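What you see is a predicted model, and the numbers here were worked out from it, not measured in a lab. So you know, we letter chains A, B, ... as the sequences are listed, proteins then strands, and number each from 1. Values below: every heavy atom of this structure, side chains too, minus hydrogens, waters and symmetry copies.
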Amino acid sequence: MTLLLAAAAIVVVAGAVVCVSAREPRTALLGITITLLGTPFLSDPLAGPLPLAARLLSSTLAAYLLWISARDMALPSRGSTVGWPVEALAAAAAFAAGWGTLGLGAPAMGPAAAAAAGFALATAAVLPIVFGREVFRLGNGLILLVTASGLIRVSLAGTPVALEQLVIGGLTVVLGAAVAFLSANADAAAAPVDGLRRRPGLER
Amino acid sequence: MACDGVPVSNADAPAVSVLPFLATSFGFGILSLLTRSLTGVSFAIGWLGLLVSAVAALAIVPGDRLSVGGEFLVGSEYQRIFLAMGCSASLLLCLLGWSASNSGTWQRNLPGASLAAFGAAGLALAIPDPMTAIAATVAAGLVGVLVSLVVPITSRRVGVGARELRAIAVAGVLALIAMAWMARPLGALSAEPAVVGLAYLAMAIAVAFRFGAIPFHVWAARVADSAPEIGLPLLMAWSPAVFAVVGLAWVDGSIAPLTPVPLALPLERALIVSIAAISLLLGAFAAWIQEDIEHMVAYSIVQDAAFVLLAFGPLDPATWQPVRTWILVFVLAKTAFAAWVLAIRARFGTRRLGELRGWARSSPTLTAALVMVAVATVGLPGLVSFDVRMALVRLASDGPARAVLSLGAIAALAYYARLLAVGLADPAPGVRAVAGDRPRWPEGVALAGWARSSPSLDGPRAAPEASSQPGMAERRRSRREALFSVRARSSVQAPRTIQAPPTAEAPSAVQVPPAVQARSSVQRRSPIQAPSSAATRWAQLGPWTVRLAELLASRRAAAGRIQRGRWAVRLAELSTRGRAAAGRTREAAQPVAERGARVAQRGARVAQRGARAVGRGARMVAGVFAASPRWAGPLLDVNRTLVSSVLVLALALAALVAAAGGWGGPAAARAPAPEPGVQGQAVSPDKLP
């Protein structure tokens with residue numbers, strides 16, 4: 001079980017690294033979709049079939065909403081300012097730290113894999129949130145951060161009950177919709193957030 | 001989060017009154033957002049949804065609960081009032097925004113986003129588990145992002161929306177991790193003040209983030225710059241207020257029991273009170289120096305939200321009631337203030353204070369609304385809003401700090417006074433050119449004649465003679481006669497005496513039947529003679545027998561006649577009486593019947609007139625839609641500012657009533673603070689030191 005959870009956690013973190021490193025919006029979207037779809041499996045005991053289905057459905061819906069805004073995006077993202085190897089190494093370090101500090105000094109009620117993935121996702125989200133100048137990238141960072149907090153919550157307090165799974169699913173959809181709404185409008189306004197200019201030759 | 005300390009049991013209730021509210025708010029909200037490309041349809045759906053949701057919120061039964069997915073949805077009085085107020089205020093706000101904005105500037109996402117946000121808020125207030133509730137409040141805040149953009153959409157505005165998104169998400173993550181941190185057996189760590197203090201601080205800072213308290217106010221200031229004023233209450237007041245309610249419930253239920261000593265966590269508490277004090281003072285100052293009245297609203301929200309933050313300071317359940325009461329007053333007053341700004345901008349075309357000189361002289365309605373908002377916000381001694389603000393200051397501070405906080409509490413008067421002073425100054429040219437509050441009729445539109453006898457919709461116009469003075473008098477007189485003729489006739493006929501019926505004399509006129517006389521004569525005279533011999537004895541026996549038989553027969557006949565005569569007399573009496581009674585009845589019934597006939601006639605005339613009026617009304621309504629470009633549009637256009645002012649006044653009045661303790665706010669907020677262990681797994685007994 002631990003091995004399966006660890007594998008799932010590695011997949012989730014890999015998706016997050018792809019998301020924050022990719023310049024192409026569709027690639028970033030693929031990464032975040034993998035992360036969102038893998039997150040519900042990082043709990044021990046696993047959620048019931050119905051809550052799990054609700055989480056997967058909500059993740060798919062959020063990814064679809066992001067896809068709607070990203071598919072016509074003319075301007076590619078700047079991608080990671082530090083490059084994907086640095087992102088991957090930072091995430092790996094956070095993964096190890098999270099795995100090793102499960103419970104943070106007190107007994108934990110969830111698996112170590114969730115803590116590790118949560119720490120790694122939070123680390124990966126820092127750069128897009130703090131230095132992100134594009135709405136799509138910033139939004140992806142925020143989705144990763146919220147997902148990370150959910151994973152840390154699972155590691156500390158155990159598997160959420162069905163209603164909480166449902167609410168988290170709704171939160172994922174609303175977050176995806178808000179990011180998609182802003183991204184689409186940012187693209188329509190034809191400029192990145194903080195004064196970055198559209199590159200010549202990329203206009204629609 | 002069920003914040004009334006309603007004990008959650010495992011008893012399964014068959015229904016919950018929260019469910020209709022959730023269904024209507026989410027259903028109508030999603031429908032309104034999906035149809036947002038059809039602006040009118042989306043507005044109509046959203047407005048109807050707000051109306052239905054307000055009614056559904058009022059139908060929430062406190063204590064009602066339903067088991068859903070291993071958790072409970074619990075109804076509470078506070079939730080009922082909060083949601084009903086929120087939906088009603090949004091209803092008026094949407095109407096105001098629709099009437100005050102041009103079609104291009106209307107924020108089409110507002111009704112749908114408001115509904116979805118209140119649905120999420122209702123869910124959050126119904127869930128006892130704080131972690132689930134906080135996730136729902138974050139969702140409620142994120143929905144608000146949809147109203148942060150307004151055309152023309154620029155990259156700067158999008159950037160502001162992104163900042164808002166970041167603030168909401170980061171605050172939610174902080175709160176969620178703080179709650180998760182405390183939602184397990186801490187063991188020996190529970191004795192460490194730093195462990196509890198960090199979670200406590202994280203929650204308070206998350207609330208400060210959401211309200212844009214100084215120094216976390218940058219996003220809020222930018223939002224005020226770019227978002228429409230109509231969206232500010234949802235973005236900066238209603239959604240953060242739900243977040244704060246859940247946070248306060250968690251602090252009272254999970255942190256306060258772990259720090260029983262009043263002086264526990266002094267550093268963290270001092271930090272929180274300091275942030276609140278800075279927001280109180282600098283928020284008022286920032287609002288006072290603003291030239292843009294929309295910025296003034298934003299900073300006034302920041303300033304008044306500091307009282308909510310102040311409630312995190314004491315770690316005392318005594319803050320539970322005042323802060324929840326204040327939240328109700330706060331959200332309503334700030335909604336009214338934002339509506340006032342919208343109405344001012346719509347009327348005078350500017351938000352710059354320098355160009356608004358003399359606005360109060362032009363609009364007494366808006367002046368009254370601003371005064372109401374100011375009184376509701378700052379309050380007067382005796383008003384609930386004033387009392388709860390001072391109670392929060394008293395509970396959170398003592399000594400010189402209390403004086404500083406008290407000063408901050410009344411500092412809001414400064415910017416309200418400035419607004420009024422500018423309004424009472426000599427009118428600026430732009431303000432002078434704007435018409436006042438008086439209702440007006442669009443020029444060149446002959447609606448008055450149309451309403452009476454429009455040639456196009458109500459047949460040919462009546463001839464002038466028909467409405468001349470003598471004609472009218474004649475019609476009036478005939479109508480009066482028709483109306484009062486019955487009364488007049490009855491007054492003439494009333495003295496007519498009714499003759500006594502002949503039956504009264506009937507008994508005296510009864511004749512003695514002849515049979516009775518015959519019998520008496522037979523008894524007095526004896527016609528029987530003495531017999532002379534035996535032969536004649538037998539011969540005489542026959543006549544005696546015959547005589548006796550005759551006598552007997554005559555007696556029976558007399559008796560029968562007597563009987564028949566009495567019955568005949570009685571029958572005659574009865575028939576006479578009956579005829580008299582029938583006559584009387586006819587006489588009595590005749591006026592009634594006549595009156596009834598007249599009433600029926602009159603009713604028929606009225607019905608006829610009513611039918612004509614209904615037909616005319618239907619034609620008028622049809623005309624409103626058919627001929628709206630001709631006069632209905634101009635009518636609304638010329639009175640648009642008046643409609644806006646009245647709506648603002650209604651919102652301000654609602655805020656004032658709430659500030660005076662109406663709407664049941666204090667009663668709802670008086671519910672006890674949640675006990676440890678009530679809110680799911682917030683506090684487990686083994687964590688208690």
Given A/Leu171, which of B/Leu176, B/Thr137, B/Val138 fulfils the side chain to side chain contact (heavy atoms under 4.5 Å, CB included) condition?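 It is B/Val138; the other options fail the test.
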
By the definition side chain to side chain contact (heavy atoms under 4.5 Å, CB included), identify the one residue from A/Val146, A/Leu175, A/Val173 that meets it with B/Leu142. A/Leu175

Given the rule in the side chain to side chain contact (heavy atoms under 4.5 Å, CB included) test, do B/Arg166 and A/Ile129 qualify, once you have shown the distances and angles that lead to the verdict? CA-CA 8 Å; B/Arg166 182 164 55 190; A/Ile129 290 174; 3.6 Å; yes

Please say whether more than 12 non-hydrogen atoms of neighbouring residues, nucleotides or ligands are located less than 6.0 Å from CG in A/Leu50. no

Please classify the contact between B/Leu73 and chain A as side chain, backbone, both or neither, with a heavy-atom cut-off of under 4.5 Å.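 For B/Leu73, side-chain heavy atoms alone lie under 4.5 Å from chain A.
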
Proximity breakdown for B/Leu149 and chain A, heavy-atom pairs closer than 4.5 Å: side chain

Could you grab the distance from atom [atom1] of [X] to atom [atom2] of [Y], nearest 0.5 Å is fine?
| X | Y | atom1 | atom2 | answer |
| --- | --- | --- | --- | --- |
| A/Arg153 | B/Met131 | CZ | CE | 4.0 Å |
| B/Ile134 | A/Glu164 | CD1 | CD | 11.5 Å |
| B/Ser148 | A/Asn185 | OG | CG | 8.5 Å |
| A/Ser155 | B/Arg184 | OG | CZ | 8.0 Å |
| A/Leu138 | B/Leu165 | CG | CG | 6.5 Å |

Heavy-atom pair with the smallest gap, counting every atom of [X] and [Y]:
| X | Y | value |
| --- | --- | --- |
| B/Ala180 | A/Ala157 | O-CB, 4.4 Å |
| B/Ala162 | A/Val135 | CB-CG2, 4.3 Å |
| A/Leu142 | B/Ala169 | CD2-CB, 3.8 Å |

Selection from [options] maximising heavy-atom pairs under 4.5 Å formed with chain B:
| options | result |
| --- | --- |
| A/Ile168, A/Leu182, A/Ile143 | A/Leu182 |
| A/Thr172, A/Val174, A/Leu156 | A/Leu156 |
| A/Val154, A/Leu145, A/Val179 | A/Leu145 |

Test A/Phe181 against B/Asn109 for side chain to side chain contact (heavy atoms under 4.5 Å, CB included), laying out the working first. CA-CA 11 Å; A/Phe181 173 75; B/Asn109 294 337; 3.8 Å; yes

Run A/Val161 and B/Asp129 through side chain to side chain contact (heavy atoms under 4.5 Å, CB included) and show every step you take. CA-CA 10 Å; A/Val161 294; B/Asp129 178 45; 5.6 Å; no

Could you tell me which portion of A/Leu166 (side chain, backbone, both or neither) has an atom closer than 4.5 angstrom to a non-hydrogen atom of chain B?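 Answer is neither: A/Leu166 stays 4.5 Å or more from chain B.
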
Against chain A, work out which of B/Val170, B/Ile177, B/Leu146 has the most heavy-atom pairs shorter than 4.5 Å and name it.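 Sorted descending by pairs with chain A, the first entry is B/Leu146.
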
